[in-house]
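Report on the following structure.
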Amino acid sequence: MEYFDHEEIASVILYDLRLSEGELMIYEGCIDYVLKHCTDEQICEIAGCEDKEELTIFKNELRELIKKYVWPQYLPDKYKNES
């Protein structure tokens with residue numbers, strides 16, 4: 001991961017980062033594991049999200065990013081076999 005810049009907007013800090021597809025897949029896999037094995041209360045403690053629904057939104061955004069930009073020959077089957 002490489003940091004480029006950040007910008008504070010209201011109470012949110014937005015970061016400009018460079019990540020490899022492997023890093024994105026690791027983060028998505030970790031989120032998926034947490035969703036499958038943790039309660040809403042644990043998710044709140046671990047990730048600061050309200051519940052599984054909120055964390056699922058972040059996971060789905062990562063999955064869409066991966067599916068859109070990772071070259072098909074490098075895309076693992078778990079991303080190809082979705083409807």
Side-chain angles (χ1 to χ4, degrees):
M1 178 186 317
E2 188 175 351
Y3 166 85
F4 287 103
D5 196 13
H6 70 277
E7 177 182 0
E8 188 173 341
I9 299 177
S11 63
V12 175
I13 300 175
L14 299 175
Y15 294 91
D16 293 328
L17 305 171
R18 178 178 291 177
L19 298 119
S20 70
E21 67 263 8
E23 288 170 311
L24 289 175
M25 289 180 206
I26 288 169
Y27 299 142
E28 186 274 330
C30 290
I31 292 171
D32 190 52
Y33 181 88
V34 168
L35 285 167
K36 289 178 180 174
H37 295 92
C38 296
T39 65
D40 282 343
E41 292 78 21
Q42 291 169 321
I43 287 173
C44 185
E45 288 178 31
I46 293 168
C49 294
E50 291 284 323
D51 53 23
K52 287 184 179 189
E53 185 177 328
E54 184 180 2
L55 189 56
T56 298
I57 293 168
F58 291 115
K59 181 190 131 188
N60 290 342
E61 288 176 352
L62 270 176
R63 288 183 80 82
E64 289 305 312
L65 185 70
I66 291 165
K67 288 169 30 181
K68 186 173 182 178
Y69 293 107
V70 173
W71 290 359
Q73 65 265 35
Y74 301 121
L75 193 63
D77 288 340
K78 75 176 192 173
Y79 299 104
K80 293 178 187 176
N81 298 329
E82 294 182 341
S83 47

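Around the OH atom of Tyr69, the shell of radius 6.0 Å holds no more than 12 heavy atoms that belong to other residues, nucleotides or ligands. The environment of CD in Glu50 is sparse: at most 12 heavy-atom neighbours from other residues, nucleotides or ligands sit within 6.0 Å. By the neighbour-count criterion of 12 heavy atoms within 6.0 Å, atom CD of Glu53 is sparsely surrounded, having that number or fewer from other residues, nucleotides or ligands.
Of the inter-residue distances, the one linking Leu62 atom CG with Lys59 atom NZ reads 10.0 Å to the nearest 0.5 angstrom. Between the CG atom in Leu35 and the OG1 atom in Thr56 there is a gap of 4.0 Å [rounded to 0.5 Å]. With rounding to the nearest 0.5 angstrom, the NZ atom of Lys52 is 7.0 Å from the OG1 atom of Thr39. Taking CD1 of Ile31 as the reference point, atom CD1 of Ile26 lies at 12.5 Å (rounded to 0.5 Å). The CG atom of Asp5 lies 5.5 Å from the CG atom of Asp16; values are rounded to the nearest 0.5 Å. Note that SG of Cys38 is 4.0 Å distant from CD1 of Ile46, once rounded to the nearest 0.5 Å.
One hydrophobic cluster, built from ILVMFWY side chains closer than 4.5 Å, holds both Leu19 and Tyr15. Using a 4.5 Å cut-off between side-chain heavy atoms of Ile, Leu, Val, Met, Phe, Trp and Tyr, with links allowed through other members, Trp71 and Leu65 fall into the same hydrophobic cluster. Using a 4.5 Å cut-off between side-chain heavy atoms of Ile, Leu, Val, Met, Phe, Trp and Tyr, with links allowed through other members, Leu17 and Val12 fall into different hydrophobic clusters. Note on Tyr74 and Tyr27: same hydrophobic cluster, where clusters join Ile, Leu, Val, Met, Phe, Trp and Tyr whose side-chain heavy atoms are under 4.5 Å apart, directly or indirectly. When hydrophobic clusters are built by joining Ile, Leu, Val, Met, Phe, Trp and Tyr residues whose side-chain heavy atoms come closer than 4.5 Å, directly or via intermediates, Ile66 is not grouped with Ile57.
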Query - Evaluation steps, side-chain hydrogen bond (donor to acceptor under 3.5 Å, both in side chains), between Glu28 and Tyr79 - result: CA-CA 11 Å; Glu28 186 274 330; Tyr79 299 104; 2.7 Å; yes

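For the pair Glu21 and Met25, the minimum side-chain heavy-atom distance is below 4.5 Å. Contact annotation: the side chain of Asp77 approaches that of Lys80 to within less than 4.5 Å [non-hydrogen atoms, C-beta and beyond].
Between Tyr3 and His6, the angle of the ring planes lies from 30° to 60°, which puts this pair in the tilted group.
Side-chain atoms of Glu23 come within 3.5 Å of backbone atoms of Ser20 as a donor-acceptor pair (strictly under, hydrogens ignored).
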